[in-house]
Amino acid sequence: MLKNQSMICKSVRNEPISLETVRKNYKPGEENRIVKNLIIAGFSFILLFSSFGSVVSIQSSLHRKNGLGAYSLAAIYLSSCISSFFLFSFLLSKFKCKDAIFYSIFPYLAYVAAQFYPNFATLIPTAVIVGISAGAIWNSVSTYISQISQEYSYLTGEDFGTILARFFGLFFVLFQSSIIWGNLIIIGVFSTATDTIHLSNSTLNSNESTCGVDFCPVASSQSNSSNSTTFSNLPDKSTLQILFGVYFVCTVVALIIIRLWLDPLSRYGEGCTEMKTRVTGKQLIFGTMKQMGNPYQIALIPFIFFSTFQTGFYNIDFTAAFITCAWGVQNIGQVMICYGICCVSSSLLFSRMIKYTGRLPVFSIIVATNVTAHVLMLNWSPDASQPIEFFLIAGMFGVSEGVMSPQVSAFAALLFDDNKQAAFNNLRLWQGLGYIAAYVNATLFCIEFKLYLLIAVALFSYLCYIILEICYARSLRQRDIVNDKN
C-alpha cells in the first residue's frame, strides 16, 4: 500500500531525495491508482462547481439591481488575479497541493451561503475570498495533474505531451459536466415554482425589441417600469433557499471527498529534488514576474485572456440579454445543460483528435466556431417561440469552451515544463483578467459592441497562437538537431 511513500519527501524536507528513489517504491498497478486520483479530483470538482458554477450563471438574473451580480463576479476574478501573484505563493509555501485544494474549497462554501442573504455586504466580501482561493485551487490542481501525468508517462512509457493533453482533457470533461448537473438541479427546483416564475407570451413579446443584440445592461438594471419583467418575475425566496441549500450540501461533500480519498502529491514526488514546489513565496513571486517576459508566455496571453473573456460574456450577458430577457429565467437551466453537454462532448472528441492532428487544426476549428456564434448573435432577434436557436448558440459556445480551457492548460504545461508554477500563476492571472473584463463590460456596454469586441479579440488571439506554434515547432527542430549532433 506504499504506506510510507506519501511521507518520504516530507520527512526529509531538509535533505530532499530524488524522484527516482520515490519511483522505486511504486508497486504493480500504480498507473491505475494515478487514474483513480484523477477521477477523484474530477468528481470533487463536479460537486464543487455544480454549485458554484450554477450560482454564477444566474447572478446576472437574480442580482441585477445596482449591478450586484456582475460586481460580485468581477470581485472574484480581481482578487483571483492578486492571489495568483502573492497569496498563492504564500499558500504554496505553507501547504502541499492536496491541502491547498482542500482549504481553498471553504471560501466557495461561504459564497454559496451568502446567497441566502444577498447584498453588497455579504456577496462582495465572500466573492473576494473566493477569488483568493481560486488562484490556489486551480494552480494546485493543475500542478497535481501535471505531476501525475509525468509519473503515468514514466510508468507506461507513453509520450508525456500526449498523456498531459489526455489527463487535462479527462479532468475538464468531469469538471465541465458540472454545468449539466448543476443546471439539472436548477430545473428540478424551479419546476416546483413554475407558477411563480412563469412569464406570459404577451409579457415576453413586450420586451423582445430590447433583447438580444439591442440589449443594454445599464438601461435594464436601472429600469423601474412595469415592462421590466425580465428581472422581476423570479422564483420566490423559499424556492431560492432550497436551491442554495442543495448547492451548499454539494460543496460540503466535495470537501469530504478531497480529504478522505485523494492521495497527497508527495506520493508522486512532491518535495523531491526534481520538483520545484518548495520554493519560497518571494521566489515564486519573482519567478512569476520573470515568466511574464518569456516570449512563449507573451504569445499565449491573448488566447488565455480570450478563453475566459468569452466565457464571462456567456455566463452573464448571454444568459441575461438573450435567455432571461426573451424566454425567461426558468429556461436558463435547460439551455445551460445543452451548453454543458457540448462542453463535455467536444472536450472528449478533440482531446483524442489532437493525438492524430496536432493542436493547430483543433484550435482553428474552435476559433471558427466561436467567431461564427458571435456573428450569428449579431443577426439574431431572440424569440421565445423558436427555442432551438437558444440551444444552437449555447451549443456553439459549449464546443468552444470544452476545448479551450483544458488544452490551453495542457499547452502551457508542455511549453513550461521546467517552470510550471510560475506558468500556471500567469495562466490564472490572465484568465482572471479575462473574466474581469467581461464582468465589468457587463455593466458598461451594450451587447452589440461586446460582440464586435469579442470577434476582434478572437482573431487577434488566434494570430498570436499561430505565431507561437510556429516558434515552438522551430525550437523543437533545433533541439533535435543539437541532440543528433551530440
Return yes if some donor-acceptor pair links the side-chain N/O of [X] with the main-chain N/O of [Y] below 3.5 Å, else return no.
| X | Y | answer |
| --- | --- | --- |
| Gln59 | Val55 | yes |
| Lys450 | Asn441 | yes |
| Ser133 | Ser104 | yes |
| Ser153 | Glu158 | yes |
| Thr311 | Ser307 | yes |

State, to 0.1 Å, how close [X] and [Y] come at their nearest heavy-atom pair, and which atoms those are.
| X | Y | answer |
| --- | --- | --- |
| Ser178 | Ile46 | CB-O, 3.4 Å |
| Tyr77 | Gly432 | CB-O, 3.5 Å |
| Pro302 | Phe460 | CG-CE2, 3.8 Å |
| Leu38 | Leu174 | O-CD1, 4.4 Å |
| Ala114 | Thr126 | CB-OG1, 3.6 Å |
| Leu415 | Tyr296 | CD2-CD1, 3.8 Å |

Does one side chain, of [X] or [Y], offer a donor that lies under 3.5 Å from an acceptor on the other?
| X | Y | result |
| --- | --- | --- |
| Ser51 | Thr251 | yes |
| Tyr314 | Gln310 | no |
| Tyr462 | Ser364 | yes |

Ring pair (Phe, Tyr, Trp, His ring centres under 6.0 Å) partner of Phe309, chosen from Phe313, Phe305, Phe306 | Phe305

[X] vs [Y] aromatic rings, parallel, tilted or perpendicular, using cut-offs 30° and 60°?
| X | Y | answer |
| --- | --- | --- |
| Phe397 | Phe318 | tilted |
| Phe175 | Phe49 | perpendicular |
| Phe167 | Tyr152 | tilted |
| Phe445 | Phe449 | tilted |

Residues two or more places apart in sequence or in another chain: which of them pass side chain to side chain contact (heavy atoms under 4.5 Å, CB included) with Thr308?
->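 Expected list: Gln431, Tyr435.
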
Within 6.0 Å of CH2 in Trp380, more than 12 heavy atoms from elsewhere | yes

Taking atom CZ of Arg352 as the centre, report whether more than 12 heavy atoms of other residues, nucleotides or ligands fall under 6.0 Å from it.
->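 Count not over threshold, so no.
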
Using a 4.5 Å cut-off on heavy atoms from C-beta on, say whether the side chain of Leu429 contacts that of Met292.
-> yes

Aromatic contact, Phe45 with Phe171 (centres under 6.0 Å) | yes

Would the Phe303 and Phe363 ring centres measure less than 6.0 Å apart?
->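 Yes, ring centres under 6.0 Å apart.
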
Output yes when Arg267 and Glu30 qualify as a salt bridge under the 4.0 Å nitrogen-oxygen rule, no when they do not.
-> yes

What side-chain donor-acceptor pairs closer than 3.5 Å can you find for residues 335-344, not counting sequence neighbours?
none

